[in-house]
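Atoms within a ligand are numbered from 1 in the order they appear, just like the ligands themselves.
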Amino acid sequence: MKISIIPKHDYVYFAVVCWIVDFHLCFGEVFTAICKLRELPVKEQALIATFDRFLKDQKENYAIKELKEFVEKMREENKKVLYDSHYVENPINSFQLLYRIVHIWGEKLSQYLHYPTYNNKSLPYFMNSVFNNTQQMSSWPKQFDLRGASMALVRLRYIYNLDIEDIRHGRLPTSQTHGLTGIDLLTIGQTATEFDNQAEAIRWLTESIAVLSKDPQNNELVVRAYRSLADMFVKFNAPHLALDMMKTALHIDPNNSGVKRDMAIYNDVMTDYVKHLRPFLTILEINNLKRDAPIFTPNYAELCRGEIKTPEELSQLSCRFRKTQIPFIFAKEEEVNSDPAILVFHDVISDSEIVQLQKIAHASMRRSTVVERDRSLQETDVRISNNAWIYDSESVADKLSRRIEIITGLSALNRNYDTHAEPYQVVNYGLGGMYDPHFDSLAKDGQPKSEDEAYRNSGERTATWMFYLSDVLSGGATVFPKLKARVQVKKGSATFWFNTHRNGLPDMRTLHAGCPILEGDKWVANKWLRSIGQTFRRPCALNPKL
Ligand SMILES: O=C(O)CCC(=O)C(=O)O
Ligand SMILES: [Fe+2]
């Protein structure tokens, strides 16, 4: 029986890994929340400890020696990450951490999958068991996490107009880290080809070729990059450019049968284009395709980069101490847009309240969803974050709801039926995390409905109150593209606005977004105030302009 060859204590190692790796109830991806990425170095350390215990009892031979060297290398890398609590807040660092875990560890662990009867039987058994364990663990990063990390870098480059050379050398606006290797660039470029972002795919693949070409040992990778570029050009009606790529690739590796095969196919495609007079696209035309994506919402990227209102427009906005429902208590109110009013309230949540919310949220963080047109809840690429719901049965939530009431004059009553407000949605963004331009209002056809039965009868999301539970090192602003309005993330503040007109219909000017986080860890808590509770507090009116 296979099992008899395994020393009994190995099971203990696996159990230890399992326990530590799934210590927090994490589900699905890791890249969608910085709080999940933060746990990875400790998990890698536990894996290294598992290997140490296994290797301690093994007789030295070639395979064991090689494995020991590998583990030492990983230990060195892990040490660099382990004691730096901000390490994963840098997207380049996180990409490289995920690359190491998914690719480098992944390849090592799967090395014996096809050789289960290697002469030292406990080695393949050990490796395969650890491999299976990691694959089954929902919180162990997988290929889709690496894809998410690649797309994060792609997104950050184009939204913030970063120079790819800077990224390659590890230079971000707020910090400097180690650079990306040619293989990193190739991984990112190949991921970009899978998404509808031709310009970026071309950019990253070209950069990978520039870096990899410096060393002839990389020829195989360079050819791979050329083939990816060619594949994309053909997809976008430019077989002539694909053929150019193949010619260069063939020059580098004249015997590459894959390149020769592709070349023959592209030649046929070319002939077909010529025969049927189909127009070839130029690189410029390819790059200008797909301008309808949400990221091309006018003003969106510009606002993410900084203020775009003119000094005159800004001078019209004011700050004031606003009277609350309690005499002698004033709120620090800042106007970032006057019509419709987008307001920021400062110092409305304390550090200890923030810690309490995060603690409660931690155990139930799940990938954020979006209410689609058919009213289903979907995990999507337009919102990269995790969230948890916190009800007013928690005393801290109850206290905060009362605060919202005395400042806004609206009802934030949260209860199990006909609720005036939804529970707090505590959100932690992920790698390059963002929420693309969207409306918070639920429905345009009078049938509002949300995640929970309990608040289905509560009407529209009349208003949004959003606490900022953290600062962000760089990026992550809340922006309103149609209003050219921008709110800088500031721990302890909150943004407030009405999503509907007084006639109950959505105010389409309130299109807004959470910009991608360039560096840092962004937390917010949303409180959506529903129309049923505001009948006498925000009287309705027929005038659609109000
Ligand atoms: O995080 C932000 O700045 C915006 C979040 C948002 O709009 C939402 O969660 O609905
Ligand atoms: Fe929103």
Note the single closest protein heavy atom to [atom], along with its residue, its atom name and the distance in Å.
| atom | value |
| --- | --- |
| atom 2 (C) of ligand 1 | Lys522 NZ, 3.2 Å |
| atom 5 (C) of ligand 1 | Tyr429 OH, 3.3 Å |
| atom 3 (O) of ligand 1 | Thr478 OG1, 2.5 Å |
| atom 9 (O) of ligand 1 | Asn526 ND2, 2.9 Å |
| atom 8 (C) of ligand 1 | Tyr435 CD1, 3.5 Å |

Margin query: Please classify the Val489 to ligand 1 contact at 4.0 Å (heavy-atom distances, strictly less than): side chain, backbone, both or neither.
Written below: neither
Next item on the list: Give the contacting part of Arg383 toward ligand 1: side chain, backbone, both or neither, where contact means a heavy-atom distance below 4.0 Å.
Entry: side chain
Residues [X], [Y]: salt bridge by 4.0 Å N-O rule:
| X | Y | answer |
| --- | --- | --- |
| Glu353 | Arg403 | yes |
| Glu307 | Lys484 | no |
| Glu77 | Lys80 | yes |
| Asp339 | Arg509 | yes |
| Arg402 | Glu405 | no |

Margin query: For ligand 1, which is the ligand I care about here, please tell me if His438 has any N or O atom under 3.5 Å from one of the ligand's N or O atoms.
Written below: yes
Margin query: Side chain or backbone, does Tyr468 bring an N or O within less than 3.5 Å of an N or O on ligand 1?
Written below: no
Checklist line | Smallest separation among heavy atoms of Ala485 and Leu303, with atom names | finding: O-CD1, 3.8 Å
Check: Taking only heavy atoms of His512, which atoms of ligand 1 are found under 4.0 Å from at least one of them?
Finding: 7 (O)
Next item on the list: Enumerate the atoms of ligand 1 whose separation from the nearest heavy atom of Asp440 is less than 4.0 angstrom.
Entry: 10 (O)
Next item on the list: Would you please classify the geometry between the Trp528 ring and the Trp389 ring as parallel, tilted or perpendicular, with 30° and 60° separating the classes?
Entry: tilted
Next item on the list: Test ring pair (Phe, Tyr, Trp, His ring centres under 6.0 Å) on Phe498 and Phe496 and set out the steps.
Entry: CA-CA 7 Å; Phe498 285 104; Phe496 173 77; 5.3 Å; yes
Checklist line | Between Phe467 and Trp465, ring centroids under 6.0 Å | finding: yes
Check: Side chains of Asp440 and His512: do they bring a donor and an acceptor to under 3.5 Å?
Finding: yes
Is there a heavy atom of [X] sitting under 4.0 angstrom from any atom of ligand 1?
| X | answer |
| --- | --- |
| Val427 | no |
| Met466 | yes |
| Trp528 | yes |

Next item on the list: Of all N, O or S atoms in Asp440, identify the one at the shortest distance from the Fe ion (ligand 2).
Entry: OD1
